[in-house]
Each structure stands twice: as structure tokens, then as C-alpha cells.
2 protein chains.
Amino acid sequence: MATMTAAQRREKARAEYDAFIRACPTNQLLDRISDKWVSLVVAALAPAPMRYSDLARKIAGVSPKMLTQTLRTLERDGILTRTVTPSVPVRVDYALTPLGSSLALLLTAVKDWAENHFDEVHAARERYDEETDR
Amino acid sequence: MATMTAAQRREKARAEYDAFIRACPTNQLLDRISDKWVSLVVAALAPAPMRYSDLARKIAGVSPKMLTQTLRTLERDGILTRTVTPSVPVRVDYALTPLGSSLALLLTAVKDWAENHFDEVHAARERYDEETDR
DNA sequence: CAGCATCCCCTGTGATACTG
DNA sequence: CAGTATCACAGGGGATGCTG
């Protein structure tokens, strides 16, 4: 295998690259938790379990569709549990799993960072815009 | 202003809601840093400053367009600095600011979480799919 | 109450090609 | 090397209406 055309080498590199991307857990999971709604849902559930309508109210701005979609993927990923109480009317509770709680710790830290450093970011933006705008 | 039609009341509520959303620093910043490319760029720059082409190579999968776009917004937000050295060929270095470094700490933690818990998430997914698929 | 189904638009994103 | 410009596309996400 000492001989290999440039095309073959390129193809090999590409194949390895693709495998790397698919195999790379970081990118996969990072993509999922780098989601607006994921952050908000996990943060909302961090203090205490909540019902569907509580979440809808607390997150304010989320459509039923996105809320459900987000909750389903998070349930699938073992981040939270979905508990249906078959009363009338139905009652559905969502709660973080231990896994979800460990993630919530980090996302809450990020959220706190955003709150604490908003001033600096805002100031930086104004400076930048002033120097740039025209 | 005791009299107000339903439409007016709705419009007022909407205006207040919009103002609330815009005023809320958490959502604004959270949205920005809850971005795939932001995470990757900040993580890439955390160990050491890098040049444009270094970033393009390290991140692998990002288009020039998205890379530039991401770098610009992060520069605007004071997360990183852009330094042009007018040699031939041109050389542009990107480095995290102290503000950016503090954020990098958190995002790196999230990245590590993703790496360390991928197995659990993956297992949860298989369990979920097995119970659900039909 | 807690959804699911459908429609549909619009923007973010990627590919490609060109420039200082 | 470090971008910018243009185009074309997919699909994210909202609105609406219906159900167990």
C-alpha cells in the first residue's frame, strides 16, 4: 500500500473524516444540548418537576409543538421522565433524571453566566457598533 | 382609558410581552451561546489563540461563511479579539478575551459532560426506541 | 389538559465561485 | 491567506384546528 493515487488518498481521508464525525460523541451531543429549547426546559425543571402546562407557562414563547418535541427527545435521551396520571383530566408530569440533573447543573451555570455578564456583552456590542457603523 | 376593546387589550398584552422578551438578557444571550458553532469556536480557542485557517481545520465541517459569521458576532460581543497583521500574505489571529475565557470554562464543562455521558444517553435511546418502535 | 396532525413560510445554512 | 458574494435548498418552527 505504498502506492496510492492522490484521488485515493483524498477519498481515504474523506472516509476517515466522515467516520470521525459520526463517531464523535461530542459533536452529536453538543448539537443536541446546544439548543435553545433544551436549555430552557432543563433549566425550568431543575428546581422541581413540573406539569406540561406549567412548562408552557414558565417558558413563555414556546409553541406546543416545540415544547412537546423537545420533551420527547429529552425523554428519549434519558434526561427526563414523563409520567402520565390517567385521571380526568389527564395529568402529565415531567422530572429530570439524575442524568438530567447533572446536566442541569452545567446549563444553569451557563444561564447564570449570561445573566451576570450581559452588561459586558452589551457594552462590547455598543463599542463595536460605534466603531463599525456606517 | 378604562374602556378598551378586546383587540386593544390583546395588542397591549402582545406589546408588553415583546418588550419582556427583548428586555430579558437571559434569553438573548442564551440564544447566542446555545449555538453549535459558538460552542465549537470557543472550545477551540480555549487552549490557545489560533489563526483563521487553523480554526477552519480544527473545526472541520464548518464552511468559511459560518466560521466568519460566528467569529464576527463573537468579536462584537466581546468574547474574542481579531488581530490583523498586514503582512503578505495577511495573517489574522483570534484570541479569547478574559470574558471569553470565563465562558470557555463553562462550555468546556458542557463538552466534557457530553463526552462522559454519551454512553448513558446512547443506552437510554436504545431502550426508548425498543419500547416505542413498532 | 395534553397533546398530535397539517400546512406553510421564512431564515439559516451549505456549496460554489470569486477577490484583496 | 482570509475572507466576501451569490444562490438555492431543507427543515425548523409558528399558526391553526382537532382529539382522547
Tell me: [atom1] of [X] to [atom2] of [N], nearest whole Å?
{"X": "A:R82", "N": "C:dA2", "atom1": "CZ", "atom2": "C1'", "value": "8 Å"}
{"X": "A:L67", "N": "D:dG14", "atom1": "CG", "atom2": "P", "value": "11 Å"}
{"X": "A:I59", "N": "C:dA2", "atom1": "CD1", "atom2": "P", "value": "14 Å"}
{"X": "A:D54", "N": "C:dG3", "atom1": "CG", "atom2": "P", "value": "12 Å"}
{"X": "A:L71", "N": "C:dC1", "atom1": "CG", "atom2": "P", "value": "17 Å"}
{"X": "B:K65", "N": "D:dT6", "atom1": "NZ", "atom2": "P", "value": "12 Å"}
{"X": "B:R32", "N": "C:dG12", "atom1": "CZ", "atom2": "C1'", "value": "14 Å"}
{"X": "A:E75", "N": "C:dG3", "atom1": "CD", "atom2": "C1'", "value": "13 Å"}

Side chain of [X], heavy atoms from C-beta onward: which of [options] has the nearest atom to it?
{"X": "A:R51", "options": "C:dG14, C:dA2, D:dT4", "value": "C:dA2"}
{"X": "B:R72", "options": "C:dG3, D:dG14, D:dG3", "value": "D:dG3"}
{"X": "A:T68", "options": "D:dG14, C:dG14, C:dG3", "value": "C:dG3"}

With a 4.5 Å limit on heavy-atom distance, are the side chains of [X] and [Y] in contact?
{"X": "A:L99", "Y": "B:V121", "value": "yes"}
{"X": "A:R72", "Y": "A:T68", "value": "yes"}
{"X": "B:T70", "Y": "B:V62", "value": "no"}

Report yes if at least one side-chain N or O of B:Y52 is closer than 4.0 Å to OP1 or OP2 of D:dT4; otherwise report no.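 Checking D:dT4 against B:Y52, no side-chain N or O comes under 4.0 Å of OP1 or OP2.
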So does A:S53 get a side-chain nitrogen or oxygen closer than 4.0 Å to the phosphate oxygens (OP1/OP2) of C:dA2?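 Yes, because at least one side-chain N or O of A:S53 sits under 4.0 Å from OP1 or OP2 of C:dA2.
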With the 4.5 Å side-chain cut-off for hydrophobic clustering, are A:L105 and A:V38 part of the same group?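 Result: no, two separate clusters.
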Which residue lies more 5' along DNA chain D, comparing A:V90 with A:M66 via nearest heavy atoms: A:M66
Judged by nearest nucleotide, the residue sitting upstream toward the 5' end of DNA chain C, B:K36 or A:R57, is A:R57
Name the residue closer to the 5' end of DNA chain C, choosing between B:Q69 and A:R91 according to the nucleotide with the nearest heavy atom. A:R91
Between atom CG of A:L40 and atom CE of A:M66, what is the distance when rounded to the nearest 0.5 Å?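 Nearest 0.5 Å value for the CG-CE distance: 11.5 Å.
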